[in-house]
Each structure stands twice: as C-alpha cells, then as structure tokens.
*Asks:* 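Dropping the structure in here first, questions after.
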Amino acid sequence: MSGGMGGRVSLDGQVAVVTGAARGVGELLARRLSARGATVALVGLEPDLLKQVSERLPGDSGHWYADVTDHEAMTRVAAEVKERFGKVDVVVANAGVAGGGPFTDSDPEVWRRVIEVNLIGSAVTARAFLPVLLESRGYLLQIASLAAIAPAPMMTAYCASKAGVEAYAHSLRAEVAHRGVRVGVGYLSWTDTDMVRGADRDDVMRELRQRLPWPANKTYPLGPAVDRIVAGIERRSAHVYGQGWLRGMQGVRGYLPGIIGAAGAREMRRFAPRVRGIGTGLVGAGGSADEQARITQRS
C-alpha cells in the first residue's frame, strides 16, 4: 500500500466504525478488524443482520441502525459510539448501492439515490465522525472503486458517485492532515459481493462486463481484497488497492476516457436492441434493503 507512514499501526485496542457492515465488504472487514483486536461498531440498514454479525465477532462490538444519508442519525451514532467505547480511531465509509442500465431509460429516483448514498452518505459519515477522529488523530478510509478511475457506460450514477467520493476524499485529506487525521481512498474492482452478483443477474450487464479487457473482466474473491484493505488501514495509507493491478491503472488513467469512449460506443451499438428496460432498480440484496428502509421511513 502506498501513502502510509511506513510502518503498521496495531489495531489491538483501536475502535473502528464500518458502514454498510451487514454484508459483503463491510461484514468481512468487520470480522477481520475484530480478529486483529479492534472494537468494531457496525452501521447499516439491516438490524437483524447487523446483530448477527456483531454476535459472531470475536471481540467487543456494537451495532447501529442508521441511514448514512441522514445527518441527524449519523451524528447520534457517532455520539453513541464515542460514549460506549470511549473513542473512535478508524472510520471506513463503505456503505454503497448501485444501479445499472442506460441513462436515458433510468429511473430518476434510483439514479439520485445512488448519488445520495455513495457520495452524500460518505460526506455525512465523515461530517459526523470527524470530531472524534480529530480527538484520536485517527484515520478515515473512503471506499471508492475502479469506477472512479475508469468510468464505463451503463453505470452513470455509480461511476459519478465513486469519482465524486475519490475527489472529495483527496480534498479532505489536505484539509485535515495538519490536525493529525489521515484520509485514505480504497479502490476495488469487480469483487464477489451481493452487489456484483445482483448486477450479473442481468444478461446484458453480465455480458458487457465479460467483454471488458483483462483484468477488468474478472470477478475477484472477497477475502484477499479485504485483507488488502485491512493492511491499508494498519498503514493509514492514502491509497488502498483491493486488487494489486489497480495501482497500475493510476498511471494511465488520463488515457482511459478516450479508450473507453471508443470501445464502449462499439459495444453499445452491438447491444443496443437489448438494453432498453434495464436499470429499473438498485441491484443486489443491499439495494433491496435500502429500498425497503425508504419504504418503511415513508410509511
């Protein structure tokens, strides 16, 4: 991992907050952090699953139901985590949702929700927890994506949100460094989670992804990616790569929009008769949980 302090910071006795912790990257990250001695606060929209995850962790933990886009709720969670555990050393802004399909046919509310959760929710998370991170001179890790480096067609909202959180985190890093808080950005390619499996249920989305150039056309196992994230947290790294080859993408990212634009246009012509009607909702079990939570809030 690059951009860290050179050595690793022991996680033993540290308090780590993970959003989107009920499943996928967040759930396994919570387990890995707990196994290294951290006290873990899990935040998400699925209280039963969060409780189950918390009960299976080897160390001390707690779980909080909250929508990361809700400033009052996240401020309350930050205060309660500090009250219960005495401090917060690490915050991982991992909560995210995705939708796919052509922009012209997309549901405006679904498109907006992807931006709200992934970008606004990350900023709300940081705003809520920065006061306690300033006290501990801690570390904020913002989970971004390959989508921030190489935005692709049929993923406009997701790519926009991940490019946004990458830029926001880089900007924030410069603001808080002199106050002792380090900020990192985590990058993941297609990783075996409910979100990716949900996207793959659509034949066109799955085939388009398989036609990406290697190594971006593969689905990578979750465990090694999360282990890399944990190592980045221990190093307080500025950049964390869930798959090692993503580091090399940074050096060529200036060329990618032109390459993707040309190749993407060719593929969209090929798939044009089949793309209409794709992208009517959020994908995966996490997307379903988000939609159910919003229904519950409105009722």
*Asks:* Quiz question: by atom type and distance under 3.5 Å, do the side chains of Q250 and Y241 form a donor-acceptor pair?
*Replies:* yes

*Asks:* Mind checking the CH2-CE spacing from W190 to M195? Nearest 0.5 Å is all I need.
*Replies:* 10.0 Å

*Asks:* Distance check, rounded to the nearest 0.5 Å: L222 atom CG versus I229 atom CD1?
*Replies:* 8.0 Å

*Asks:* Between R113 and E109, does any NZ, NE, NH1 or NH2 come within less than 4.0 Å of an OD or OE carboxylate oxygen?
*Replies:* no

*Asks:* Do other residues, nucleotides or ligands put more than 12 heavy atoms under 6.0 Å from the CD atom of E55?
*Replies:* yes

*Asks:* Can a side-chain donor-acceptor contact be found between D67 and T69 if the only test is distance below 3.5 angstrom?
*Replies:* yes

*Asks:* Could you walk me through whether R56 and E27 satisfy the side-chain contact (heavy atoms from CB on, under 4.5 Å) test, starting with their C-alpha distance in whole Å, then the side-chain angles of each, then the deciding distance to 0.1 Å, before giving a yes or no?
*Replies:* CA-CA 11 Å; R56 291 196 299 265; E27 185 268 341; 3.8 Å; yes

*Asks:* Quick check: are there more than 12 heavy atoms from other residues, nucleotides or ligands sitting under 6.0 Å from CZ of R112?
*Replies:* no

*Asks:* Looking at every non-hydrogen atom in both residues, tell me the closest pair between R173 and G184 and how far apart they are.
*Replies:* NH2-CA, 4.1 Å

*Asks:* Within the side chain of N94, is there an N or O that forms a donor-acceptor pair under 3.5 Å with the backbone of I143?
*Replies:* no

*Asks:* What closest approach, in Å, do V77 and A66 show between heavy atoms, and which atom pair accounts for it?
*Replies:* CG2-CB, 3.8 Å

*Asks:* Do we see a donor-acceptor contact under 3.5 Å between the side chains of Y158 and W111?
*Replies:* no

*Asks:* Any sub-3.5 Å donor-acceptor pair from R235's side-chain atoms to R8's backbone N or O?
*Replies:* no

*Asks:* Judged by atom type as modelled, is there a donor-acceptor pair below 3.5 Å linking the side chain of Y139 to the main-chain atoms of S237?
*Replies:* yes

*Asks:* Can E80 and R76 be counted as an ion pair, charged N to O under 4.0 angstrom?
*Replies:* yes

*Asks:* Quick one: does V15's side chain get under 4.5 Å of V90's, heavy atoms only?
*Replies:* no

*Asks:* Could you state whether V226 and L49 fall into the same hydrophobic cluster, counting links through intermediate Ile, Leu, Val, Met, Phe, Trp or Tyr residues with side-chain heavy atoms under 4.5 angstrom apart?
*Replies:* no

*Asks:* Quick one: are P215 and Y220 in side-chain contact, heavy atoms under 4.5 Å?
*Replies:* yes

*Asks:* Taking C-beta and beyond as the side chain, do S136 and D89 meet within less than 4.5 Å on heavy atoms?
*Replies:* yes

*Asks:* First locate atom CD of Q142, then atom OH of Y187, and finally report the distance between them rounded to the nearest 0.5 Å.
*Replies:* 10.0 Å

*Asks:* Any heavy-atom pair between the side chains of V92 and T19 that's under 4.5 Å?
*Replies:* no

*Asks:* What's the separation between atom CZ in R23 and atom CG in L45, rounded to the nearest 0.5 Å?
*Replies:* 10.5 Å

*Asks:* Kindly indicate whether the side chain of Q14, heavy atoms from C-beta on, has any atom under 4.5 Å from the side chain of V9.
*Replies:* yes

*Asks:* Any donor-acceptor pair under 3.5 Å linking the side chain of S161 with the backbone of L119?
*Replies:* no

*Asks:* Would you say S106's side chain and P108's backbone share a donor-acceptor pair under 3.5 angstrom?
*Replies:* no

*Asks:* Can a donor-acceptor pair be found, under 3.5 Å and without considering hydrogens, that links the side chain of R228 to the backbone of V240?
*Replies:* no

*Asks:* Under 4.5 Å between any side-chain heavy atoms of V110 and L282, yes or no?
*Replies:* yes

*Asks:* Sub-3.5 Å donor-acceptor pair from the side chain of D107 to the main-chain atoms of G281, do we have one?
*Replies:* no

*Asks:* Taking R236 for its side chain and I233 for its backbone only, find out whether a donor-acceptor pair lies under 3.5 Å.
*Replies:* yes

*Asks:* Please check this pair: side chain of T75 against backbone of H71, looking for a donor-acceptor N/O pair closer than 3.5 Å.
*Replies:* yes

*Asks:* Judged by atom type as modelled, is there a donor-acceptor pair below 3.5 Å linking the side chain of S189 to the main-chain atoms of L146?
*Replies:* no

*Asks:* Is the closest side-chain donor-acceptor distance between S61 and S54 under 3.5 Å?
*Replies:* yes

*Asks:* Taking all atoms of both residues into account, what is the closest heavy-atom pair of N118 and V165, and its distance?
*Replies:* O-CG1, 3.0 Å

*Asks:* I need the minimum non-hydrogen distance between R84 and G62, along with the two atoms involved.
*Replies:* NH1-CA, 3.8 Å

*Asks:* Which is it for L130 and V91 under the side-chain contact (heavy atoms from CB on, under 4.5 Å) test, yes or no, and what are the steps along the way?
*Replies:* CA-CA 9 Å; L130 269 173; V91 174; over 6 Å; no

*Asks:* What residue among R32, R36, R182 forms salt bridge (charged side-chain N to carboxylate O under 4.0 Å, His left out) with E234?
*Replies:* R36

*Asks:* CG of D192 to NZ of K218: how many Å apart, nearest 0.5 Å?
*Replies:* 12.5 Å

*Asks:* Please list, chain by chain and in numerical order, all residues satisfying side chain to side chain donor-acceptor pair (under 3.5 Å) with T191, sequence neighbours excluded.
*Replies:* Q243

*Asks:* With the 4.5 Å side-chain cut-off for hydrophobic clustering, are L172 and V124 part of the same group?
*Replies:* yes

*Asks:* Could you go through V17 and L42, starting from their C-alpha distance and side-chain angles, then the distance that decides it, and tell me whether this counts as side-chain contact (heavy atoms from CB on, under 4.5 Å)?
*Replies:* CA-CA 6 Å; V17 177; L42 304 99; over 6 Å; no

*Asks:* Which pair of non-hydrogen atoms, one from L140 and one from A126, has the smallest distance, and what is that distance?
*Replies:* CD2-CB, 3.9 Å

*Asks:* In this structure, are over 12 heavy atoms from other groups packed under 6.0 Å from K87 atom NZ?
*Replies:* yes

*Asks:* Charged N to carboxylate O under 4.0 angstrom, E166 versus R253?
*Replies:* yes

*Asks:* Look up atom CG in L29 and atom OG in S34, then write down how far apart they are to the nearest 0.5 Å.
*Replies:* 11.0 Å

*Asks:* Does H63 reach the side chain of P47, with side-chain heavy atoms less than 4.5 Å apart?
*Replies:* no

*Asks:* Looking at every heavy atom in both V68 and V117, which two are closest together, and how far apart are they?
*Replies:* CG2-O, 4.0 Å

